[in-house]
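See below for the structure under consideration.
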Amino acid sequence: MSEDVGYYRTLFEHAPDGMAVVDLETGAHLDVNQRYCELHGYSEGELLDRDIGTLTADDRASEESVVDALGRAAEAGEPFEWRNQRRDGSAFPVEIGVSDVEVDDGPAVIVRVTDATEASARESELQWKTRAMEEAPVGITITDPQQADNPVVYANAEFERLTGYSEAEVQGRNCRFMQGEGTDEEPVGRLREGIDAEEPVTAELRNYRKDGTEFWNRVTIAPIRDESGTVENYVGFQEDVTERVEREREVARFERLVDHLPVGVFRSTPGPDGEFLEANPALVSMFGADSKADFLARDVSELYCDRADRQTFSEQLRAAGELAQQEFRFRRVDGEQFWGQTTAVVVEDDGEVYFEGVVQDISTRKAYEQRLEAQRDKLELLNEVVRHDIRNDLQLVVAYTELLEDHVDAAGKPHLSTIAESASNAIELTKTARDLAETVLQTDAEREPVSLNESLAAQIEEVRSTYEDAVVAVEGPIPAVTVLANEMLGSVFRNVLKNAIQHNDADVPEVTVAVTDHGDRVVVRIADNGPGVPDDRKTEIFGKGEKGLESNGTGIGLYLVNTLVDQYGGDVWVEDRTDRRSGDTQPPADDADPYGTVFGIELERQQIG
């Protein structure tokens with residue numbers, strides 16, 4: 001019996017909770033353990049015989065004594081919550097359990113006092129952690145590793161918003177069912193390996209929501225361990241990273257495109273001594289660098305043959321915001337020079353200014369252009385010499401023809417007239433050839449404002465003086481408008497007017513000029529009374545199509561007309577006359593041969609303002 005008493009005494013003294021024996025009649029402490037003393041801040045001697053009511057801080061003590069509360073709890077056999085007070089006056093919550101006990105002095109109870117502060121804190125902590133999980137901006141699941149296939153035992157509200165599946169719909173299931181057939185097995189394998197190794201692991205998976213829509217899910221799985229280190233559960237975090245993944249993939253696709261472009265692509269800092277920050281393989285190869293790192297280590301200006309070009313380019317680019325097709329002589333790493341063409345823009349990123357652009361090696365094109373330039377110069381010289389010599393010889397022919405006029409009999413005069421006319425036409429042809437050569441050989445043809453009235457009127461007067469036997473009339477006034485052409489516009493009108501006379505089989509060639517102003521366009525119509533042009537030759541007469549001068553057209557005059565009008569952005573065509581032949585009292589029958597031709601020339605008006 002004494003051994004039992006000793007055993008229970010030991011339990012009493014070493015219990016983790018405060019223990020006391022209290023007299024139910026007086027409320028006095030008959031015995032206390034060390035933990036009870038620590039909880040209240042008193043020594044054992046100070047508590048013995050002390051009324052337990054002096055330790056209360058509960059407002060209910062004014063209505064009911066502590067002794068009564070202890071007696072009632074003993075009868076009910078259930079603990080109750082109370083507030084006790086330490087020696088320093090601080091109050092703390094306690095849970096009091098009561099058991100009846102018999103002592104020599106009468107009825108008593110054993111009181112077990114548990115500090116509820118830690119339990120309350122744990123409960124409060126549990127509550128806010130639960131709220132945090134429920135309100136977290138990421139999906140959270142908890143799975144049970146003790147069951148087969150690690151089923152879900154908890155899912156928060158964000159998980160439902162993310163996936164469309166409620167907690168009830170996923171409980172008891174593994175989240176693999178959301179992966180579908182499109183998920184890459186590599187990240188799935190990493191997740192499985194992490195779970196098997198009981199270590200945190202993250203992977204990005206292509207998942208499918210309840211409604212079938214696809215999204216990229218960044219999944220992190222981490223073990224939850226108890227105090228002994230044993231894995232109790234796994235917590236999973238799901239986050240929708242679709243936008244980021246698609247953006248990264250787009251960037252990756254763009255980088256692959258840039259890396260495979262046959263032209264150099266760069267990003268650099270501005271200024272005459274700017275630095276390269278990025279360069280694609282084509283640019284590294286273009287400058288003959290050993291590697292990208294080798295290329296990026298070089299200043300931008302050292303790759304220019306003239307460093308002043310870099311400074312000018314940088315200043316102009318900063319001012320304009322973009323520059324296109326700027327040509328420079330560059331220097332490769334080994335010192336070899338080449339021609340490059342640069343197009344660049346100014347960009348701002350995180351408050352910093354950069355240059356981004358492309359560089360193309362145009363050495364082959366420049367060499368070709370230089371050869372063409374040299375050939376063009378030689379051709380122009382040859383053309384000038386040949387035309388000059390031919391014109392001089394033809395002018396001699398014309399002069400001697402006039403001298404022979406008094407020495408040729410009547411039978412020979414028609415032949416002499418033919419010689420004179422042919423020589424004059426040939427002289428005119430050399431002028432047309434000169435105009436055509438200038439048109440074909442020019443490299444920077446640009447439109448400029450030209451007075452239609454002055455240009456057309458001048459050519460009409462010249463044709464009248466040259467062909468005195470022809471009649472050239474103007475129908476209505478020529479509007480005083482400005483068209484977009486150049487100094488060669490007169491050649492267009494001269495060639496059409498002379499063509500209308502030279503290829504006219506009427507006894508008296510008649511040419512009528514009319515101009516119509518359509519606001520943004522002007523149409524000049526030149527009609528003649530010649531033999532007309534068959535439909536199947538109305539296009540090829542200008543030498544249009546692939547053959548150009550090799551076509552079966554009338555000659556280089558109309559080819560020149562078509563070439564110039566095309567450069568002006570206009571149009572030229574030929575059509576049959578629909579008015580009456582001079583002297584006719586009735587319009588031509590539908591099946592009659594065309595008796596005349598109309599050349600239409602459409603030009604763009606200069607817009608003012």
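Since we're looking at a predicted model, the values are computed, not measured.
Of the possible polar contacts, none joining the Ser455 side chain to the Ser451 backbone as a donor-acceptor pair under 3.5 Å is found. A donor-acceptor pair under 3.5 Å is formed between the side chain of His260 and the backbone N or O of Arg256. A donor-acceptor pair is defined here as one N or O able to donate and one able to accept, closer than 3.5 Å; no such pair exists between the side chain of Asp571 and the backbone of Glu602. A donor-acceptor pair is defined here as one N or O able to donate and one able to accept, closer than 3.5 Å; no such pair exists between the side chain of Arg605 and the backbone of Val522. Panel note: side chain Asp299, backbone Ser301; no donor-acceptor pair is recorded below 3.5 Å. A donor-acceptor pair under 3.5 Å is formed between the side chain of Gln326 and the backbone N or O of Ala324. Side-chain N or O atoms of Asp294 include none that pairs as donor or acceptor with a backbone N or O of Ala289 at under 3.5 Å. With hydrogens and angles ignored, the 3.5 Å screen pairs a side-chain donor or acceptor of Thr466 with a backbone N or O of Glu462. With hydrogens and angles ignored, the 3.5 Å screen pairs no side-chain donor or acceptor of Asp566 with any backbone N or O of Asn562.
For CD of Gln341, the number of neighbouring non-hydrogen atoms (other residues, nucleotides, ligands) closer than 6.0 Å is greater than 12. Within a 6.0 Å radius of CD in Glu475, other residues, nucleotides and ligands contribute 12 heavy atoms or fewer. Atom CG of Asp409 has more than 12 neighbouring heavy atoms from other residues, nucleotides or ligands inside a 6.0 Å radius. Around atom CG of Asp507, no more than 12 heavy atoms belonging to other residues, nucleotides or ligands sit under 6.0 Å away. The environment of CD in Glu454 is sparse: at most 12 heavy-atom neighbours from other residues, nucleotides or ligands sit within 6.0 Å. Counting non-hydrogen atoms of other residues, nucleotides and ligands closer than 6.0 Å to CG of Asp211 gives a total above 12. Around the CD atom of Glu448, the shell of radius 6.0 Å holds more than 12 heavy atoms that belong to other residues, nucleotides or ligands. Counted within 6.0 Å of CZ on Arg218, heavy atoms from surrounding residues, nucleotides or ligands total 12 or fewer; the atom is thus considered open.
Of the inter-residue distances, the one linking Asn453 atom CG with Thr482 atom OG1 reads 10.0 Å to the nearest 0.5 angstrom.
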Practice problem: Output, in order, the C-alpha distance, side-chain angles, deciding distance and verdict of salt bridge (Lys or Arg N to Asp or Glu O under 4.0 Å) for Arg318 and Glu315. | Solution: CA-CA 5 Å; Arg318 286 296 298 267; Glu315 291 172 353; over 6 Å; no
Practice problem: Show your reasoning for whether salt bridge (Lys or Arg N to Asp or Glu O under 4.0 Å) applies to Glu336 and Arg331. | Solution: CA-CA 6 Å; Glu336 180 186 358; Arg331 180 184 292 107; over 6 Å; no
Self-check item: Val492 vs Val572, side-chain contact (heavy atoms from CB on, under 4.5 Å): CA-CA, chis, key distance, verdict
Solution: CA-CA 10 Å; Val492 172; Val572 60; over 6 Å; no
Exercise. Check the pair Glu278 / Lys292 against salt bridge (Lys or Arg N to Asp or Glu O under 4.0 Å), numbers first and verdict last.
Key: CA-CA 9 Å; Glu278 284 294 338; Lys292 181 178 178 179; 3.0 Å; yes
Self-check item: Stepwise side-chain contact (heavy atoms from CB on, under 4.5 Å) test for Asn207 and Gln179
Solution: CA-CA 5 Å; Asn207 279 184; Gln179 293 170 7; 3.7 Å; yes
Self-check item: Thr512/Arg525 under side-chain contact (heavy atoms from CB on, under 4.5 Å): CA gap, chis, key distance, verdict
Solution: CA-CA 8 Å; Thr512 303; Arg525 299 174 69 84; over 6 Å; no
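Relative ring orientation between Phe328 and Tyr304 is described as perpendicular, the plane-to-plane angle rising above 60° on a 0-90° scale split at 30° and 60°. Ring geometry for Phe276 versus Phe295: interplanar angle of 30 to 60°, hence tilted.
Contact between Val523 and His518 at its shortest, heavy atoms only, is CG2-CD2, 3.7 Å. The minimum heavy-atom distance linking Met286 with Asp361 is given by the pair CE-N, 4.0 Å.
Ion pairing between a basic and an acidic side chain is recognised when a charged N comes within 4.0 Å of a carboxylate O; Asp240 and Arg209 show such pairing. A salt bridge links Arg464 with Glu461: at least one charged nitrogen is closer than 4.0 Å to a carboxylate oxygen. The existence of a salt bridge linking Arg267 and Asp349 is confirmed by a sub-4.0 Å separation between a basic side-chain nitrogen and an acidic carboxylate oxygen.
Using a 4.5 Å cut-off on side-chain heavy atoms (C-beta onward), Leu277 and Thr269 make contact. For the pair Phe355 and Val346, the minimum side-chain heavy-atom distance is below 4.5 Å. Side-chain contact between Leu497 and Val513: present, with at least one pair of heavy atoms (C-beta onward) separated by less than 4.5 Å. For the pair Glu246 and Trp216, the minimum side-chain heavy-atom distance is below 4.5 Å. Contact of the Lys366 side chain with the Phe338 side chain is not registered, since no non-hydrogen atoms from C-beta on lie closer than 4.5 Å.
Outside the 6.0 Å centre-distance limit, the rings of Phe599 and Phe493 are not counted as a close aromatic pair.
Just one residue in the list Leu261, Val358, Val263 forms a side chain to side chain contact (heavy atoms under 4.5 Å, CB included) with Asn280, and that residue is Leu261.
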